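Just below is one structure, and these are the notes that go with it.
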Amino acid sequence: MKRHLKALTFLLLFFITGCAVYISLAPIEKPLKEQLVEGKGAPKILIADVSGTITEGEKESLLSSKNFTAAMIKEALQKAEEDSDVSGIILKINSNGGSVSASDTIYHEILKFKKKKNIPVYACVTDMGVSGAYYISMATDKVFSHPTSINGGIGVFVMKFNIEGLMSKIGVEGEIVKSGDKKDSWSPFRPSTPEEKEIFQKIIDELHSRFVSVIYEQRKNLLTKEEIQRLADGRVYTAEQAYKAKLIDKIGYLDDAIEEMKKSLNIKEAKIIRYYRPGTYKPTVYSSYPEGTEGINLSISVNDLSVFKGVKFMYLWLP
């Protein structure tokens with residue numbers, strides 16, 4: 001029993017003090033390059049991958065899933081903006097969402113790109129397009145979903161772990177000196193007060209209202225705001241359910257989205273392209289986003305392990 005308590009104490013101190021190990025054998029990241037996937041002709045349709053958890057951070061570690069950031073989509077959109085032959089973009093989405101701010105930033109960047117470039121942008125959900133990923137899809141002109149995909153998950157949450165009981169068992173006590181009684185709101189070292197929960201609920205309600213408004217702006221010809229609010233209780237929908245609820249535009253595969261875009265552009269032939277990092281190989285339209293460079297990046301950090309990373313408001317489906 002004492003041995004277990006020592007181990008728990010060591011882990012707790014590791015999380016709190018911020019000990020970290022970082023080993024990087026990767027070279028400096030290289031600019032994106034274009035890869036022809038299939039097709040011919042002068043017009044190009046770019047397949048831009050949106051996959052993994054949507055975050056603000058740049059790195060991923062051995063202990064985290066693949067991340068998708070605003071910097072990644074921004075880089076791809078800038079490259080597409082400079083190419084006059086890029087006639088359309090399809091976002092290939094497979095994500096359970098992520099942080100509120102990151103999702104909203106990507107949504108903003110897509111809208112800004114459309115205004116500058118004035119070309120069609122579609123979304124195609126291949127597996128999962130929920131919460132923040134669905135939020136991003138609302139910046140596009142048309143949303144396709146594979147027949148077996150999961151969609152929706154409209155909602156927002158904030159979560160914390162209350163470890164007061166664990167700390168008392170191992171003889172560790174948290175102390176804080178603060179300027180106001182709300183300064184340590186949502187602290188994991190104590191239960192939240194009813195007043196603190198009310199404060200956070202108001203923030204959640206405001207962020208949720210923004211989500212509903214974003215959907216309404218895109219789909220106001222199909223749904224009233226009241227109808228969207230009824231759909232926006234956090235649940236996820238199959239492609240068929242989402243289509244019947246008018247949350248998506250078509251049930252179809254990525255190939256169907258490509259053909260639909262060709263029709264909208266009034267072209268018969270187009271080069272289907274994707275962007276990649278030198279040193280990666282992505283042979284088909286279903287390949288994942290080229291997230292890394294050659295080399296190995298091993299990172300183990302308190303930021304990956306700690307339950308004390310700070311408050312994060314999430315457009316995320318986390319069953």
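Keep in mind the model is a prediction, meaning the values are calculated, not measured.
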Looking only at heavy atoms, which two atoms of [X] and [Y] are closest? And how far apart?
{"X": "Y107", "Y": "A139", "value": "CD1-CB, 3.5 Å"}
{"X": "I89", "Y": "A48", "value": "CG2-CB, 4.2 Å"}
{"X": "L77", "Y": "F113", "value": "O-CE1, 3.5 Å"}
{"X": "Q229", "Y": "V212", "value": "CG-CG1, 3.8 Å"}
{"X": "I150", "Y": "V125", "value": "O-CG1, 4.1 Å"}
{"X": "M138", "Y": "L247", "value": "CE-O, 4.1 Å"}

Got a donor-acceptor contact below 3.5 angstrom from the [X] side chain to the [Y] backbone?
{"X": "S264", "Y": "M261", "value": "yes"}
{"X": "D249", "Y": "V143", "value": "yes"}
{"X": "T69", "Y": "T55", "value": "no"}
{"X": "Q241", "Y": "T238", "value": "yes"}
{"X": "S149", "Y": "S145", "value": "no"}

4.5 Å side-chain heavy-atom contact, [X] and [Y]:
{"X": "I93", "Y": "S51", "value": "no"}
{"X": "Y275", "Y": "K33", "value": "no"}
{"X": "L223", "Y": "Y216", "value": "no"}
{"X": "L265", "Y": "P120", "value": "yes"}
{"X": "E81", "Y": "K116", "value": "yes"}
{"X": "N94", "Y": "V50", "value": "no"}
{"X": "I215", "Y": "F211", "value": "yes"}

**Request:** Starting from the C-alpha separation in whole Å, work towards a yes-or-no answer on side-chain contact (heavy atoms from CB on, under 4.5 Å) for N96 and T53.
**Result:** CA-CA 6 Å; N96 64 333; T53 304; 3.9 Å; yes
**Asked** Run the side-chain contact (heavy atoms from CB on, under 4.5 Å) check on N151 and V236 step by step: do they pass?
**Response** CA-CA 6 Å; N151 307 264; V236 294; over 6 Å; no
Please round to the nearest 0.5 Å and tell me the distance separating atom [atom1] of [X] and atom [atom2] of [Y].
{"X": "S131", "Y": "I54", "atom1": "OG", "atom2": "CD1", "answer": "8.5 Å"}
{"X": "I45", "Y": "I119", "atom1": "CD1", "atom2": "CD1", "answer": "9.5 Å"}
{"X": "S87", "Y": "N266", "atom1": "OG", "atom2": "CG", "answer": "11.5 Å"}
{"X": "L111", "Y": "I106", "atom1": "CG", "atom2": "CD1", "answer": "12.5 Å"}
{"X": "T126", "Y": "F144", "atom1": "OG1", "atom2": "CZ", "answer": "14.0 Å"}

With [X], which of [options] fulfils side chain to side chain contact (heavy atoms under 4.5 Å, CB included)?
{"X": "K246", "options": "N221, L231, I228, L222", "value": "L222"}
{"X": "I90", "options": "V121, I47, I272", "value": "I47"}
{"X": "C124", "options": "L91, D255, D256, L254", "value": "L254"}
{"X": "L32", "options": "Q78, K79, R274, M72", "value": "K79"}

**Item:** Step-by-step salt bridge (charged side-chain N to carboxylate O under 4.0 Å, His left out) determination, K271 to D85
**Value:** CA-CA 10 Å; K271 291 176 183 173; D85 288 331; over 6 Å; no
Under 4.0 Å between a side-chain nitrogen and a carboxylate oxygen: does that hold for [X] and [Y]?
{"X": "E109", "Y": "K112", "answer": "yes"}
{"X": "K92", "Y": "D49", "answer": "yes"}
{"X": "D83", "Y": "K117", "answer": "no"}

**Item:** Between D104 and Y135: side-chain donor-acceptor atoms closer than 3.5 Å
**Value:** yes
**Asked** Cut-off 3.5 Å, side chains only: do E56 and S99 have a donor facing an acceptor?
**Response** yes
Around atom [atom1] of [X], are there more than 12 heavy atoms from other residues, nucleotides or ligands closer than 6.0 Å?
{"X": "R210", "atom1": "CZ", "answer": "no"}
{"X": "K225", "atom1": "NZ", "answer": "yes"}
{"X": "D233", "atom1": "CG", "answer": "yes"}

**Message:** What verdict does the side-chain contact (heavy atoms from CB on, under 4.5 Å) test give for K142 and E260, after you've listed the backbone C-alpha separation in whole Å, the side-chain angles of each residue and the deciding distance to 0.1 Å?
**Reply:** CA-CA 10 Å; K142 196 169 288 188; E260 180 84 8; 3.0 Å; yes
**Message:** Checking side chain to side chain donor-acceptor pair (under 3.5 Å) between D205 and each of Q201, K202, H208, which is the one that passes?
**Reply:** Q201
**Prompt:** Given the rule in the side-chain contact (heavy atoms from CB on, under 4.5 Å) test, do V156 and V100 qualify, once you have shown the distances and angles that lead to the verdict?
**Reply:** CA-CA 8 Å; V156 57; V100 167; 3.8 Å; yes
**Request:** Using the test side chain to side chain contact (heavy atoms under 4.5 Å, CB included), find all partners of Y243 that sit at least two apart in sequence or belong to another chain.
**Result:** I248, I251
